[in-house]
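Step one of this worksheet: look at the structure below.
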Amino acid sequence: MAMSSPRKFLSAASLCAGMLFGLTGCGGGDSSPDSIETFKSAYASSLAGLSSPAVLSGASVQDLFDTKFLDSGFTRADIVAALNSEASATQNASDYSSIPQVTLVNATVSDCVSGPDYLCTLTGTLTNGDADTTSIPFTTKLRLTEGKLRLYGDQLASAI
Amino acid sequence: MTQLRLSQIALACACVCAAASFALPHIAVAASKAKDKAAGAYVTGDFHNHTTCSDGSLSMKKLIDKSVNVWGLDWFVQADHGGSSARNCTLAEDPFTPVTPALGLTSSPTGPYPPNTFPTGGQPASTVKGPNQSWQDTLANGVAGIKGDGTANPKAMWRWQEIKEFQYAITESESRRLNKPIWMGVETNAPGHEHVSMTILDGQLPWPVTSGTGNANLLAKFEYCFDRSDTDTSRGAENQWDCSFSDSPNNNSLVDGTSKKIAKTGNLGGNNSATDLDLGHKKSVEAVKWMNQFAPNGSYYVPAHLERAGVYDPTTSRGFNIEHLRNFNNAAPQVAFGFESMPGHQASLNRGEYGGTGFVRSIAGGTFGGTGYYAAKIGGVWDALLGEGRNWWFFASSDYHNRGIFGPDQLESTQDFQPGEYQRSHVMVRKGSGNISAQGVIDGLRSGNVFAASGQLVDRLSFVVCAVNPALPLKANRDLLEAAVTNAVKSNTDVRINGCATMGEKLVARPGATLVVAMAVRDPEGTNNSPYSFPNPSLKQINITQPLNQPVLDHIDLIGGAVTGMVSPSNTAAYAGEAGKILTGTAGDPAATYKADDAATLNTSARKLKTFNSTSWTASAGGIRTMSYVVKNVQASQYFRLRGTNLPPSTPNETDADGNPLLDYLVIPFDTTKPGTVPCNDSACPAHLRTINGVKYSGFDVAAWSDLWFYANPVYVQVSGSVAVASIIK
């Protein structure tokens, strides 16, 4: 990938040396530490705020999903519709059961590979602590476009 | 029975039930917020069993000891038949436990004890000891101490007096000595019907209460007022009970002036009769309403082995049709919230005691994998009730009377298993850091957060339906919820996550939502309570070698159905009907013919959604099996429930190609001169099995240990804008 403005992107070598940002196993690419941190922060805060109708229907969470997002048959349009519907249901039904909430911690972005799409792997830990604590390892694909990392999904047309 | 007759009964009951009018009475509340739910544990117990105070074979103390100490139950309700009895069950056997229970012990009707086991009839009368002696011979003041207007010799004591003055004291003292909630109930002879397991806890003070003296006076009054075998007219002697109550003007118009209970000259139990076809059922509905008025939190009313006596017969006292269950639940959903469709008597030749010479009209001919037709049939009566959105739960109890030709300290049985030995109801009790309490158990039963299993096939279970978090990949949603149910099974608790509902609860979802149904069970490692280790003869038919005392869960069925709303009693065709009615022949006879099930007893939307087995669940340490199922674009209210078994589909004489249980009589023919169908060829097959022409056949307890099932109660989903799901109002 050609280098653009050095003020926007670090070289691959210096990027790979940037262990501070939890970036490992670089094979080349130009996802900057800023873009990584920006995504991690945005995704974590969005997940943490999903009990709020404003967050559910807000542009910030919806913008986390890439235009090419496909996960178990759900497209970006499906996700946006679901988020908007959740926001509406939360506001309109007093006995509505809502959705399970999680927090994301220890997030890392790694294994970035350039190709037709520049893809990275997000890993981290999801936790629900409503009453008892349930934590799971979490991994999913991200795509870098226009300098921003976004959720890309498993690209499967249906659930496994 | 003609359709006109059905409509008459339904309308009559609608009038009787007027106090709980039909308009959807209990719009459910959604699953509570997770943080508002106290932590809980699933606890095992039994609420239907017998001593010598009715037609059992043990003293109260020995039965409690067997249930709580030997078989390890966490809670226990001692519940003899209503009516009267001449024997004094409060006298313990001597010796109490003569030998260590084992296979192959000899029985002796004459002793000495030990080394021989206790005789099946209890201590011989010649020893002048034990619970088979009469009240008349053992009370300090003899017959004068027996109250009421009984006239038999020896004089029988009415159950109300046995409960109030003798039996309750035993349960309270044993409960506090053993540090477990143990209290009194009754298997009431329900007017118009057969039997119902019930309790009224109010006044009783079992452990963890450790001070003060309680009583079972209200339970005793119920027995006097509403048991059809209690024909005492004395109003409970000095108690001078009046069974009228304010919540039911119909009841008061039916009350007899002398006995002050619903009764008529020549029909003192208030049963159905040729001259008054509806009186019995009316009285039973009044009983439910009475409990709801006087003890709404401390009561349950659970029809027992409800298919055994056949379809309802208004000229006598027999079974329960679906309209009767609806009437009970309409009258008091706080009290009447389920049935024992997994009956006791699992070791009897006619499994469950369904069919055979005693019960020739049992619905659909008998039990199916040890469960009655109403719950065993997908799309049958249970699904019809769930399809209305009713809180109607499934329970199991031992109905222990005796071990048939074996003594109470032997391990073989040709009749019953002791409480906790074979089948158990596992009930969620939200006790936080406190102790299990009787009220906690009753609240748990009422909540529906219950599963029942035979043969310890599974001993832990977690079952939830959750909305998907759309900001997470679907796999992450499934992984999170599978981890949650797995953790819950490890801890013997349930999942408390907002956006999830468990058994007995409802998830309120938006139209178009994606749901994940997540389940985990524990197939316990090691041996179960079966005394037999030879290979399961049912599985040997398909070349599977599995010790009878080490069953392996073969598969779990996820079953779902639509909720279409409560049916009005005025809609007779949809409200009242018969299922499994025998037209010709005798229950258990393969040649018997049956009437097609009436539409009111069916939920045609109910079906198996998926079967999980070793190829589709995740197995983890300790015998835990975890699985999940995705429902996309949910649009209509519905429910999900589970069942599982150790037998693969198409096991000859046991399961059909879809994995449904077959009639148990296919294993043990009704005609005992005919051979069985499942040979038991191992050298260790016990001697009490039927041998015909040199071939030993599976039957009795061996057949029960071979054929194991569990049933989990439903989780409801109410889709906003779709049909509302009714449940208990907390």
Side-chain angles (χ1 to χ4, degrees), chain A residues 43 46-51 55-56 61-62 64-65 69-74 78-90 92-102 104 122 124 126-141 151-154 156 158-160, chain B residues 27-39 464-488 491 493-501 505-514 516 628-630 632-633 717-721 724:
Chain A
Y43 193 37
S46 291
L47 287 175
L50 275 184
S51 59
V55 173
L56 282 163
V61 66
Q62 297 180 12
L64 291 168
F65 292 84
F69 177 87
L70 177 64
D71 185 87
S72 297
F74 293 100
D78 295 328
I79 299 300
V80 170
L83 289 166
N84 288 331
S85 295
E86 287 294 337
S88 177
T90 302
N92 295 331
S94 61
D95 62 348
Y96 183 61
S97 295
S98 76
I99 56 176
Q101 304 288 328
V102 294
L104 173 65
L122 170 70
L126 293 174
T127 299
N128 173 279
D130 288 343
D132 308 302
T133 299
T134 305
S135 293
I136 58 164
F138 169 55
T139 184
T140 193
K141 289 294 187 186
L151 294 161
Y152 186 63
D154 60 17
L156 294 177
S158 63
I160 297 172
Chain B
I27 301 297
V29 295
S32 301
K33 291 292 185 188
K35 63 179 175 57
D36 296 331
K37 291 186 191 179
V464 291
V465 180
C466 308
V468 154
N469 183 325
L472 291 176
L474 182 60
K475 183 178 183 299
N477 277 284
R478 294 180 80 168
D479 287 348
L480 180 77
L481 298 172
E482 289 192 9
V485 292
T486 300
N487 289 344
S491 303
T493 185
D494 66 351
V495 170
R496 296 182 294 162
I497 293 178
N498 293 324
C500 293
E505 295 180 341
K506 72 174 183 182
L507 181 76
V508 180
R510 60 175 176 83
T514 298
V516 170
S628 64
Y629 176 82
V630 175
K632 288 189 174 181
N633 189 29
V717 175
Q718 177 178 303
V719 177
S720 299

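This one's a predicted model, so the numbers in the text were calculated from it and none came from an experiment. Every chain is numbered from 1, with letters handed out A, B, ... down the list of sequences.
- Of the atoms belonging to B:Val495, not a single heavy atom falls under 4.5 Å from chain A.
- Once rounded to the nearest 0.5 Å, the distance linking OG of A:Ser97 with CD of B:Glu505 reads 9.0 Å.
- Both the backbone and the side chain of A:Asp130 come within less than 4.5 Å of a heavy atom in chain B.
- Highest contact tally toward chain B, considering only A:Leu47, A:Thr127, A:Asn128, A:Leu83, is held by A:Asn128 [criterion: heavy-atom pairs under 4.5 Å].
- In terms of non-hydrogen atom pairs under 4.5 Å with chain A, the most contact-rich of B:Ala467, B:Gly512, B:Pro473 is B:Pro473.
- Distance check: B:Leu472 CG to A:Leu151 CG gives 9.0 Å after rounding to the nearest 0.5 Å.
- Put simply, the side chain of A:Asp71 gets close to the backbone of B:Leu474: a donor and an acceptor are under 3.5 Å apart.
- With rounding to the nearest 0.5 Å, the separation of OG in A:Ser98 from CZ in B:Arg510 is 12.0 Å.
- The distance from atom NZ of B:Lys37 to atom CG of A:Asp132, rounded to the nearest 0.5 Å, is 10.5 Å.
- Neither the backbone nor the side chain of A:Thr90 comes within less than 4.5 Å of any heavy atom of chain B.
- The part of B:Asn487 that comes within reach of chain A is its side chain, from C-beta onward, which places non-hydrogen atoms under 4.5 angstrom from that chain.
- With a threshold of 4.5 angstrom between heavy atoms, A:Phe65 approaches chain B through side-chain atoms but not through N, CA, C or O.
- Between A:Leu126 and B:Ala476, the shortest heavy-atom contact is CD1-CB, 4.0 Å.
- For the options B:Cys466, B:Ala509, B:Ser491, B:Pro511, heavy-atom pairs under 4.5 Å to chain A are most numerous at B:Ala509.
- When each of A:Thr139, A:Ile99, A:Val61 is checked for heavy-atom pairs under 4.5 Å with chain B, A:Ile99 comes out on top.
- We find the CG-NZ distance between A:Asp78 and B:Lys632 to be 8.5 Å, quoted to the nearest 0.5 Å.
- For the atom pair OG1 of A:Thr134 and CD of B:Glu482, the computed distance is 12.5 Å after rounding to the nearest 0.5 Å.
- Between B:Ala471 and A:Tyr43, the closest heavy-atom pair is O-OH, 2.7 Å.
- Only the side chain of A:Ala89 comes within contact range of chain B, with at least one heavy atom under 4.5 Å from a heavy atom of that chain.
- Heavy atoms closer than 4.5 Å to chain B are found in both the backbone and the side chain of A:Ser85.
- No part of B:Asn633 comes within reach of chain A, as not one of its non-hydrogen atoms sits under 4.5 angstrom from that chain.
- A side-chain contact (heavy atoms from CB on, under 4.5 Å) with A:Pro100 is found for one member of B:Asn498, B:Val516, B:Val464, B:Ile497 and no other, namely B:Ile497.
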